[in-house]
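Since the structure is predicted, the reported quantities are computational estimates derived from the model, not experimental observations. Order of the sequence lines sets the chain letters (A, B, ...), proteins ahead of strands, with each chain counted from 1.
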Amino acid sequence: MQNSTKRPMSFYFLTAFFALFILFLYGPTLTIGILSFQGPSGGLTFPMNGVSLHWYYKLFEQQAVGDFGGSLTRSLLLALAVMVTTVVISLSAGMAFRKKFKGSGVLFYLTIVSLIIPSILISLGIGLLFNQVGIEPTWYGSAFGAHLTWTLPFGLLIMFAVFNRFDKSYEAAARDMCATPFQTLRYVVVPLILPSLVGVGLFGFTLSYDEFARTIMTSGSQNTLPLEIFGMTTNVTTPVLYALGTLTTFISFVVIVGTLFILHMLKRRRNRAAIGK
Amino acid sequence: MENAKSAYLQALPLFMIMLIFLVIPTIMIVIVSFWDYNAFSVIPDFIWDNYDFLLTSSVTWQAYAKTLFYAVTSWALTLLIGFTAAHYMAFHLRTTKSQTICFLLATVPFLTSNIIRMISWIPLLGRNGLVNQTLQAVGLTDHPLEFLLYSDFSVVLAFVHLYTLFMVVPIFNSMMRIDRKLVEAAIDAGATPWQVITQVIIPLSKSGITIGTIFVFTLVMGDFITVRLMSGGLSASVGLLIYNEISLLQYPAAAAGAVTLLATVLIMLAILFRFANIRKDL
């Protein structure tokens, strides 16, 4: 099968199907990307009334869209904090699950529940809890925790996949050479699984940066960017909405492409090191 | 012994997060669902009124019917599209490089904003949107189609757009583990391409299909924002009812709705989990 050179007819049908699927995924986003450059008199749909950066200027005017700069800053800071925490806790828990310990089954199913429980329950529950205990909900407190209930399951599942394929003899070799557990982790395990940790970090960052449902009752009086965007969808009827959407999608893209670039460099460095040997 | 102790220490941070931000909040919801409330505040109590009102209201039952309709329709479509896309990547692409590129192309949108991806349908589906402009220009219709936006159609379309990836990834993962020799053996034994799919690939991708199903069902069942934005406020899902009660500060009523929703989702999961062993399949 691998060697046959002539493709069957079904291949071309499926290629066309897949291309349509990709178009379906990206087409709408590209459309608002184009429309965000509408001229000052342009509307929410085609045709374009000229081409300008008018709506992007509007975005940075305080009164036009509320507190865009502040919410963007909060979302980026929160995403960074969630990213770092997700990587550290997922790695730590991933290591724990390699050994047998009592309650591992319960903890595993809790994490799965955290992933599939309707997000609005997390929002409502944490909101109620903080209210009753008398702690003010904040984006860096309760929303931070709410985001972790969403990012940690992804992180842990990735760590499971990683450690299922991990060769334990590397650690045994390090121990034989008298490495302390910390040294084994720092110089053997982490370098070997670094690409996966970068992947966990990417998930942590982007999922938190875009999270809406788990933020709605947990961020307190200050909005994160997705909350700000949601507010705009109900009261903004100009292409400034598209400018904001394009900008925030662009930020996600920069983060994703940047991460893929880092992964690529890591792979190249590793290949070079392997040839060097 | 030393090993077990370090395992507990390593698992502790995850456990604490789950305890504080998942377990206790869920218990809190159950407790508050029995409380009383008035226009200004919630009042600790033990009453069944919230459930009484919820379960006897026709609005609730209509919302459940609507939500189930969205869930089943979205599930069928995401499964069909997701399975076909995964099958293409796993069995029709020959190099790892092309597989990786296609996989990334399918995955990247998942990491961008859901709300923006919903909004981006407006210039396409609206009354004066691209689809209507095109249809009228070609002459297929002489007046704009109204059902494209703010309807059940646009809600399901958005769900399929957002969640097909949750089918693609687990099914692709299952398919990549299928021993290619089995497919070759089936062909050698005279199986048609269709028989290969139905009798070899589908049974062996069952766990991926189940995991994808769990994702799509739970995401749609608990959704409120997609229904709110894409139906233009014209239809109500279970999640949206809860969200509206939260906006009105009727927390005990929202909590009772949330408990009922959670119970419904758990029953569905109990049925679905019979089809797959998630832990084994990682």
Audit row: F205(A), L111(B), side-chain contact (heavy atoms from CB on, under 4.5 Å) steps and yes/no: CA-CA 9 Å; F205(A) 187 94; L111(B) 298 174; over 6 Å; no
Need one label for [X]: side chain, backbone, both or neither, based on atoms under 4.5 Å from any heavy atom in chain A.
| X | value |
| --- | --- |
| V23(B) | side chain |
| L157(B) | both |
| Y8(B) | side chain |
| L14(B) | both |
| I246(B) | side chain |
| M89(B) | side chain |
| V168(B) | side chain |
| L125(B) | neither |
| V265(B) | side chain |
| V30(B) | neither |
| F215(B) | side chain |
| I115(B) | side chain |
| F15(B) | both |
| M221(B) | neither |

Does S113(B) use its side chain to pair, donor to acceptor, with the backbone of D210(A) at less than 3.5 Å?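 No, the answer is negative, given that no donor and acceptor are paired below the 3.5 Å cut-off.
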Ring geometry between W121(B) and F24(A) (parallel below 30°, tilted from 30 to 60°, perpendicular above 60°):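 Judged by the thresholds at 30° and 60°, the geometry between F24(A) and W121(B) is tilted.
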Below 30° counts as parallel, above 60° as perpendicular, anything between as tilted: where do the rings of F154(A) and F166(B) land?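 Answer is tilted, since the angle falls between 30° and 60°.
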Please rank [options] by heavy-atom pairs under 4.5 Å with chain A and give me the top one.
| options | result |
| --- | --- |
| T164(B), I116(B), I27(B) | I116(B) |
| L262(B), N114(B), L9(B), I31(B) | L262(B) |
| V42(B), V108(B), L12(B), I24(B) | V108(B) |
| S120(B), G222(B), P13(B) | S120(B) |

More than 12 foreign heavy atoms under 6.0 Å from CZ of F13(A): is that the case here?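 Open.
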S119(A): partners by side-chain hydrogen bond (donor to acceptor under 3.5 Å, both in side chains), with sequence neighbours left out: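 Once residues adjacent in sequence are excluded, the partners of S119(A) under the side-chain hydrogen bond (donor to acceptor under 3.5 Å, both in side chains) criterion are R214(A).
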Step by step, would you call L93(B) with F18(A) a side-chain contact (heavy atoms from CB on, under 4.5 Å)? CA-CA 11 Å; L93(B) 295 177; F18(A) 193 80; over 6 Å; no
What residue in P181(A), G127(A), P28(A), A96(A) has the most heavy-atom pairs under 4.5 Å with chain B?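 If we count pairs closer than 4.5 Å to chain B, P28(A) comes out on top.
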